[in-house]
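All values reported here derive from a predicted model rather than from experimental measurement.
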Amino acid sequence: IYSSGGGAAIGNLEDGATYYVVAAGANTLKLSKDKGGPAIVFGSVGTGRSHTIVESGSLPAADPSSFGPRTIDNPSLPTPFRGVAVTATNSDDIAGIGIAAGFSGSASVNLSGVVNVTTVNTAAFIGASARVNCTLVVTTCTNPDANGDQSVRVAAGNNYFELGVVASLAISGGAGVGVGAAVRILDLNTDAYIDGSARVKAARDVIVMATGKEKLVSVVAAAGGGTVGVAGTVSVTLLDTHTYAYTGSGVTIEADDNVLISAKDDTSIVLVTASLAGGFVGVGVAVGVLSASKDTQAYIGANSKVDALAL
């Protein structure tokens, strides 16, 4: 089984697909889509740091982006940047771990859980009726003596990562009961905008960009053993994301090159629930619940005027 480890797959290979090994020499092995079929000729080299090929039934390596620092990429801009930049960024890296274990000769009951309720608001904006690089001559917006690389950037980015691990173990000569629960309620809002009636002018580009990225990993496990063994796990995730890039009504934007209004949100969620019960009577229950509501929009407000000369 081939895994791209969270990156782009190697050319002519498919992430998660099963392939067969073909001997191509004394110390050379190649892959084939069919048993005994022709060897695959690789195309692109792919991206990422953790491409793996494992025997069927084995687990591939984890996505390395789940560890270490995480970044949100911005669009290519002049270096060094010239002009007006309004930016807001937020990064959260949260780990919640709950573990309970108990041993008894008669009865053992253990409960463990993690509850996380988070609201994040990240906004970058130019206020209503503001004038940026705009000198009014009567009713005309002028931008005299501007550098050719002058740009205006309004950018908001939010990066959220959460790892939740809950484990419960109960072993008894009589009754062993283990229960694990994980609950997370997330409200993530990312906004980049130019508010109503503002006037913005740039000798190069005007960029309004909102970017969100969230990755959630939840593992809940419980085990109960005894004459009567009972184990139960539940994982509940409620996710609401709002990612907007826009202009208000009546906004005027004039750029000698390009105007970009862009909103993007990427979500990755892994939920694992496991339950093990052993004894003369064993009862195991594992439940995972996910509700995700994502709202991603990019738009120009009503009665606005946008000129991009793309010189």
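Linking Ile, Leu, Val, Met, Phe, Trp and Tyr whenever their side-chain heavy atoms come within less than 4.5 Å puts Val285 and Val234 in one cluster. The same ILVMFWY cluster, assembled from side-chain heavy atoms under 4.5 Å apart, contains both Val306 and Val152. Note on Leu271: it does not cluster hydrophobically with Val220, by side-chain heavy-atom contacts below 4.5 Å among ILVMFWY residues. Taking hydrophobic clusters as Ile, Leu, Val, Met, Phe, Trp and Tyr residues chained together by side-chain heavy-atom distances below 4.5 Å, Tyr299 does not share a cluster with Met209. Both Ile94 and Ile269 belong to a common hydrophobic cluster when Ile, Leu, Val, Met, Phe, Trp and Tyr are linked at side-chain heavy-atom distances under 4.5 angstrom.
Residues Pro38 and Ser32 come closest through the heavy atom pair O-OG, 3.0 Å. In this structure, Ala245 and Val208 approach most closely via the heavy-atom pair CB-O, 3.8 Å. In plain terms, the two heavy atoms of Gly178 and Ser168 that are nearest each other are CA-OG, 3.6 Å. Ala170 and Asn110 make their closest contact through CB-ND2, 3.6 Å (heavy atoms, listed as atom of the first residue, atom of the second, distance). The minimum heavy-atom distance linking Gly284 with Ser275 is given by the pair CA-OG, 3.5 Å. When all heavy atoms are compared, the tightest approach of Val21 to Leu29 is CG1-CD2, 3.7 Å.
With contacts defined as side-chain heavy-atom distances shorter than 4.5 Å, the pair Glu14/Tyr19 qualifies. Side-chain atoms of Val120 and Asp92, non-hydrogen and from C-beta on, do get closer than 4.5 Å to each other. Looking at His51 and Ile10, their side chains come closer than 4.5 Å, going by heavy atoms from C-beta outward. Within the 4.5 Å cutoff, the side chain of Val200 has no heavy atoms near those of the Glu254 side chain. Residues Leu186 and Tyr160 meet the side-chain proximity criterion, which asks for heavy atoms closer than 4.5 Å. Looking only at side-chain heavy atoms (C-beta outward), Ser112 and Ile99 stay at 4.5 Å or farther from each other. Using a 4.5 Å cut-off on side-chain heavy atoms (C-beta onward), Tyr246 and Ile194 make no contact. Two residues are said to be in side-chain contact when any heavy atoms from C-beta on lie closer than 4.5 Å; Asp191 and Thr243 fail this criterion.
Side-chain N or O atoms of Ser249 include none that pairs as donor or acceptor with a backbone N or O of Asn303 at under 3.5 Å. No donor-acceptor distance shorter than 3.5 angstrom exists from the side chain of Thr247 to the backbone of Ser304, with no hydrogens or angles considered. The closest donor-acceptor contact from the side chain of Thr142 to the backbone of Pro144 lies at 3.5 Å or more, if one exists at all. For the pair Ser4 (side chain) and Ala9 (backbone), a donor-acceptor distance under 3.5 Å is absent. Side chain of Tyr244 to main chain of Tyr193: no donor-acceptor pair is present (N/O by atom type, distance under 3.5 Å, no hydrogens or angles).
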Might you work through the side-chain contact (heavy atoms from CB on, under 4.5 Å) test for Phe103 and Leu169, ending with a clear yes or no? CA-CA 8 Å; Phe103 304 88; Leu169 173 64; 4.0 Å; yes
Tell me, with the steps shown, if Val165 and Val217 meet side-chain contact (heavy atoms from CB on, under 4.5 Å). CA-CA 8 Å; Val165 179; Val217 179; over 6 Å; no
Test side-chain hydrogen bond (donor to acceptor under 3.5 Å, both in side chains) on Asp149 and Ser151; report intermediate values, then the result. CA-CA 6 Å; Asp149 286 334; Ser151 295; over 6 Å; no
Assess whether side-chain contact (heavy atoms from CB on, under 4.5 Å) is satisfied between Thr233 and Val287, documenting all intermediate values. CA-CA 6 Å; Thr233 61; Val287 178; over 6 Å; no
Given Arg153 and Val84, is the side-chain contact (heavy atoms from CB on, under 4.5 Å) satisfied, shown in steps? CA-CA 6 Å; Arg153 174 175 57 175; Val84 177; over 6 Å; no
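Side-chain atoms of Asp187 and His242 form no donor-acceptor pair, as typed in the model, at a separation below 3.5 Å. Ser268 and Lys215 form a side-chain donor-acceptor contact under 3.5 Å, judged by distance and modelled atom types alone. Side-chain contact check for Asn143 and Gln150: at least one donor-acceptor pair (N or O, by modelled atom type) lies under 3.5 Å.
Around CZ of Phe125, the count of heavy atoms belonging to other residues, nucleotides or ligands within 6.0 Å does not exceed 12.
Remark: of the listed residues Thr241, Asn159, Thr267, Thr267 is the sole one forming a side-chain hydrogen bond (donor to acceptor under 3.5 Å, both in side chains) with Glu214. Of the candidates Asn258, Ile261, Val132, Ile253, Val206 forms a side chain to side chain contact (heavy atoms under 4.5 Å, CB included) with just one, namely Ile253. The side-chain hydrogen bond (donor to acceptor under 3.5 Å, both in side chains) test with Arg184 is passed by exactly one of Asn116, Thr118, Thr237: Thr237. Under the side-chain hydrogen bond (donor to acceptor under 3.5 Å, both in side chains) rule, Asn158 has a single partner from Asn121, Asn90, Asn189, which is Asn90.
Once rounded to the nearest 0.5 Å, the distance linking CG of Asn12 with CG of Leu31 reads 11.5 Å. To the nearest 0.5 angstrom, Thr252 atom OG1 is 8.5 Å from Asp307 atom CG. With rounding to the nearest 0.5 Å, the separation of OH in Tyr20 from CD1 in Ile40 is 12.0 Å. One distance of note links OG of Ser293 with CG of Asp240; it measures 4.5 Å at 0.5 Å rounding. Put simply, CG on Leu290 and CG on Leu238 are 8.5 Å apart, with the number rounded to the nearest 0.5 Å. Note that CG of Asn147 and CZ of Arg82 are 4.5 Å apart. Values are rounded to the nearest 0.5 Å.
Ionic pairing of Lys294 and Asp265 is present here: one or more N-O contacts between side-chain nitrogen and carboxylate oxygen are shorter than 4.0 angstrom. A salt bridge between Asp266 and Lys213 is absent, with no side-chain N of the basic residue lying under 4.0 Å from a carboxylate O of the acidic one.
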